[in-house]
Visitor: 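I'd like to ask you about the structure that follows.
Throughout, a chain's letter reflects where its sequence line sits, starting with A, and its residues are numbered from 1.
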Amino acid sequence: MTSASPDTILLAWYDRNHRHLPWRSPPDTYANPYHVWLSEIMLQQTTVAAVRPYYLTFLSRWPTVEALAAADDGDVMAAWAGLGYYARARNLLSCARIIVRDHDGHFPGTEQALLTLPGIGAYTAAAIASIAFGQRAVVVDGNVERVMARLHAVTDPLPGAKKHLRTLADALTPQQRCGDYAQAVMDLGATLCSPRSPNCQICPWVSLCKGYHQGIAAELPYKTAKTKRPGRYGTVFWITDPEGTVLLRQRPPRGLLGGMTEIPSTPWQEAPWTLEDSTPHAPIQGETWHTIAGTVHHTFSHFDLELKVIAGTVAQTGNIAGRWVKPEHFDKEALPSVMRKVIRHMQKQDTS
DNA sequence: GACGCGTGGCG
DNA sequence: TCGCCAAGCGT
């Protein structure tokens with residue numbers, strides 16, 4: 001007798017257990033390339049739970065790549081606000097406009113062509129090519145790396161082991177049902193073969209899994225130690241006019257929170273700010289500042305931030321660089337989470 | 001290849 | 001409270 005191949009075993013598991021996600025199509029069908037692309041960009045380093053509402057909002061507001069390409073930049077950034085990694089939103093718009101301008105509104109169907117588009121790297125190109133176009137492509141994300149490391153008991157640490165893990169993933173990738181297979185491995189990693197406590201007992205691959213048989217599956221993949229997150233400090237200037245309108249401004253188009261709306265602030269430096277050092281950075285001078293009690297803490301990918309807030313009022317809003325926005329219109333702004341924390345902090349002051 | 005780039009949830 | 005983690009990409 002012959003035993004089923006690993007990919008056949010996994011696909012059978014997927015047919016029984018696949019999750020219903022808004023961007024997915026039924027097994028054995030090709031999904032809409034626009035849907036696959038939009039979801040894959042949002043899912044980069046981001047959980048399904050976080051993506052779901054954003055995906056539904058985007059698809060509702062911009063149902064096609066043509067609609068997205070025609071969208072206003074500020075509307076797209078505002079709709080992305082809170083999801084993080086804002087370069088993805090800038091690249092999303094840029095990519096949509098290239099698709100419409102150079103590709104007649106159709107996504108290319110090969111990995112090689114997809115790779116030339118902004119925001120689409122090795123993983124996303126392979127995902128779109130396989131899931132939306134049925135091409136054989138080796139899809140390697142964090143899930144696949146973890147599953148391969150466990151299945152083959154790879155003990156060399158990441159990121160050094162990446163090339164080896166890709167080779168192992170390539171060897172397992174079938175010629176048929178390529179999109180379903182890609183989603184199946186990722187589903188396996190996201191549900192059973194999870195980072196902390198894998199559910200090996202009901203895993204379709206348990207009998208093949210070297211990591212399981214060596215008793216080290218849950219520990220894999222090993223990773224090289226990370227350095228501790230440094231701390232940074234800033235002072236935010238909460239400036240209002242007599243009617244409670246607040247001074248906002250735009251951040252530079254690239255870099256941290258690039259293109260997003262901010263509340264004016266000192267630079268974010270390694271040492272705490274004194275009041276005297278802070279105020280020269282304010283958008284207005286000669287102000288009487290009122291220190292707001294407490295601090296706002298926020299963790300970015302590569303540093304921890306602690307913000308103090310000082311408040312001031314101006315009689316006239318003219319001749320000050322920035323935009324004056326009423327609080328009831330904040331929800332239309334491209335305000336990242338750290339700035340919404342500052343706003344919440346100020347609203348707590350009002351009610352206490 | 002290393003680093004910059006967000007956020008929220010979870011053990 | 002804290003470190004880890006998520007369907008990575010661009011430079």
Side-chain angles (χ1 to χ4, degrees), chain A residues 19 21-24 31 35-55 77 80-92 94-95 114-128 130-132 137-147 158-163 166 169 179 181-191 193-197 218-219 221-232 251-260 262 268 297-305 334-341:
Chain A
R19 296 180 290 171
L21 301 172
W23 45 86
R24 278 206 175 151
H35 299 177
V36 175
W37 167 70
L38 180 59
S39 65
E40 292 297 347
I41 300 298
M42 289 183 167
L43 286 163
Q44 290 167 5
Q45 297 288 281
T46 309
T47 59
V48 166
V51 164
R52 189 190 301 267
Y54 284 85
Y55 175 82
M77 297 311 287
W80 197 278
L83 198 55
Y85 286 138
Y86 298 100
R88 293 185 296 172
R90 304 192 296 271
N91 286 330
L92 186 84
S94 170
C95 182
L114 287 161
L115 268 174
T116 68
L117 296 165
I120 298 182
Y123 161 75
T124 306
I128 297 172
S130 62
I131 297 169
V138 183
V139 174
V140 184
D141 70 335
N143 288 308
V144 176
E145 288 181 342
R146 183 173 59 257
V147 171
L158 286 171
K162 278 180 178 291
K163 183 175 285 184
R166 164 171 288 279
Y181 175 82
Q183 293 175 93
V185 195
M186 293 190 286
D187 265 18
L188 188 72
T191 58
C193 198
S194 55
R196 304 236 186 215
S197 50
E219 321 303 324
Y222 298 135
K223 301 190 176 182
T224 57
K226 286 170 186 162
T227 61
K228 186 173 174 289
R229 238 189 273 279
R232 289 194 196 172
R251 292 180 61 84
R254 299 181 206 295
L256 183 69
L257 308 177
M260 301 295 285
E262 70 173 355
W268 298 342
H297 294 262
H298 188 76
T299 301
F300 289 95
S301 54
H302 52 305
F303 63 93
D304 289 322
L305 180 65
L335 286 160
S337 291
V338 60
M339 297 300 158
R340 295 194 183 273
K341 283 187 185 177

Visitor: With sequence neighbours left out, write down each residue that passes salt bridge (charged side-chain N to carboxylate O under 4.0 Å, His left out) with Arg251(A), or none if nothing qualifies.
Guide: Glu262(A)
Visitor: Checking all strands, does Ser337(A) fall into the base, sugar-phosphate, or nothing category for heavy-atom contacts under 4.0 angstrom?
Guide: sugar-phosphate
Visitor: Please state how far atom NE2 in His297(A) lies from atom C1' in dT1(C), giving the value in whole angstrom units.
Guide: 12 Å
Visitor: Could you go step by step and tell me if Leu256(A) and Trp268(A) meet the side chain to side chain contact (heavy atoms under 4.5 Å, CB included) rule?
Guide: CA-CA 11 Å; Leu256(A) 183 69; Trp268(A) 298 342; 3.6 Å; yes
Visitor: Hey, does Val51(A) reach any base, or is it just sugar-phosphate, or nothing, if we go heavy atoms under 4.0 Å?
Guide: nothing
Visitor: Looking at every heavy atom in both Leu158(A) and Pro221(A), which two are closest together, and how far apart are they?
Guide: CD1-CG, 3.8 Å
Visitor: Walk me through it: do Asn91(A) and Ile120(A) pass the test side chain to side chain contact (heavy atoms under 4.5 Å, CB included)?
Guide: CA-CA 9 Å; Asn91(A) 286 330; Ile120(A) 298 182; over 6 Å; no
Visitor: Give Trp80(A) one of three labels, base, sugar-phosphate or nothing, depending on what nucleic acid heavy atoms sit under 4.0 Å from its own.
Guide: nothing
Visitor: Please figure out whether Arg232(A) or Pro159(A) has its closest DNA chain B nucleotide nearer the 5' end.
Guide: Pro159(A)
Visitor: Check the distance between dG8(C)'s P and Trp37(A)'s CH2 and give it to me in whole angstrom.
Guide: 17 Å
Visitor: Rounding to a whole Å, what distance do you find between His302(A):NE2 and dG8(C):P?
Guide: 19 Å
Visitor: When the distance from CD of Gln45(A) to C1' of dC5(C) is rounded to whole Å, what number comes out?
Guide: 9 Å
Visitor: In whole Å, what is the span from the CZ atom of Arg196(A) to the P atom of dG3(C)?
Guide: 12 Å
Visitor: Using the salt bridge (charged side-chain N to carboxylate O under 4.0 Å, His left out) criterion, which residues pair with Lys223(A)? Sequence neighbours excluded.
Guide: none
Visitor: May I have the distance from Lys226(A) (atom NZ) to dC4(C) (atom C1'), rounded to whole angstrom?
Guide: 7 Å
Visitor: Quickly work out the Arg88(A) CZ to dG8(C) P distance and round it to whole Å.
Guide: 9 Å
Visitor: Atom pairs under 3.5 Å, N or O on each side, protein against nucleotides 9-11 of chain C: can you list them with distances?
Guide:
unit_1  : atom_1 : unit_2    : atom_2 : d
dC9(C)  : OP1    : Gly121(A) : N      : 2.9
dC9(C)  : OP1    : Gly121(A) : O      : 3.4
dC9(C)  : OP1    : Thr124(A) : N      : 2.9
dC9(C)  : OP1    : Thr124(A) : OG1    : 2.7
dC9(C)  : OP2    : Ala122(A) : N      : 3.4
dC9(C)  : OP2    : Tyr123(A) : N      : 3.3
dG10(C) : OP1    : Gly119(A) : N      : 2.4

Visitor: Would you mind reading off the distance between Lys228(A) atom NZ and dG3(C) atom C1', rounded to a whole angstrom?
Guide: 11 Å
Visitor: At 4.0 Å (heavy atoms only), tell me whether Arg24(A) reaches a base, stays on the sugar-phosphate, or touches nothing.
Guide: base
Visitor: Given side-chain hydrogen bond (donor to acceptor under 3.5 Å, both in side chains), test Thr46(A) with Arg88(A) step by step and report yes or no.
Guide: CA-CA 11 Å; Thr46(A) 309; Arg88(A) 293 185 296 172; 3.1 Å; yes
Visitor: Could you walk me through whether Val139(A) and Tyr123(A) pass the side chain to side chain contact (heavy atoms under 4.5 Å, CB included) test, one step at a time?
Guide: CA-CA 6 Å; Val139(A) 174; Tyr123(A) 161 75; 3.3 Å; yes
Visitor: Please name all residues satisfying side-chain hydrogen bond (donor to acceptor under 3.5 Å, both in side chains) with Gln45(A), sequence neighbours left out, ordered by chain then number.
Guide: none
Visitor: What interatomic distance, in whole Å, is found between P of dG6(B) and the corresponding atom of dT11(C)?
Guide: 14 Å
Visitor: How would you give the extent of chain A contacts on DNA chain B, as first and last nucleotide 5' to 3' within a 4.0 Å heavy-atom cut-off?
Guide: dG4(B) to dC10(B)
Visitor: Sort out for me which residue in Asp141(A), Val51(A), Ile131(A) forms a side chain to side chain contact (heavy atoms under 4.5 Å, CB included) with Glu40(A).
Guide: Ile131(A)
Visitor: Restricting to side-chain hydrogen bond (donor to acceptor under 3.5 Å, both in side chains), what partner residues turn up for Arg166(A), sequence neighbours left out?
Guide: none
Visitor: Looking at every strand, decide which applies to Arg52(A) at a 4.0 Å heavy-atom threshold: base, sugar-phosphate, or nothing.
Guide: nothing
Visitor: How would you label the contact of Gly258(A) with the nucleic acid (heavy atoms, under 4.0 Å): base, sugar-phosphate, or nothing?
Guide: nothing
Visitor: For a quick check of understanding: with a heavy-atom distance under 4.0 Å over all strands, which category does Leu83(A) fall into, base, sugar-phosphate or nothing?
Guide: base
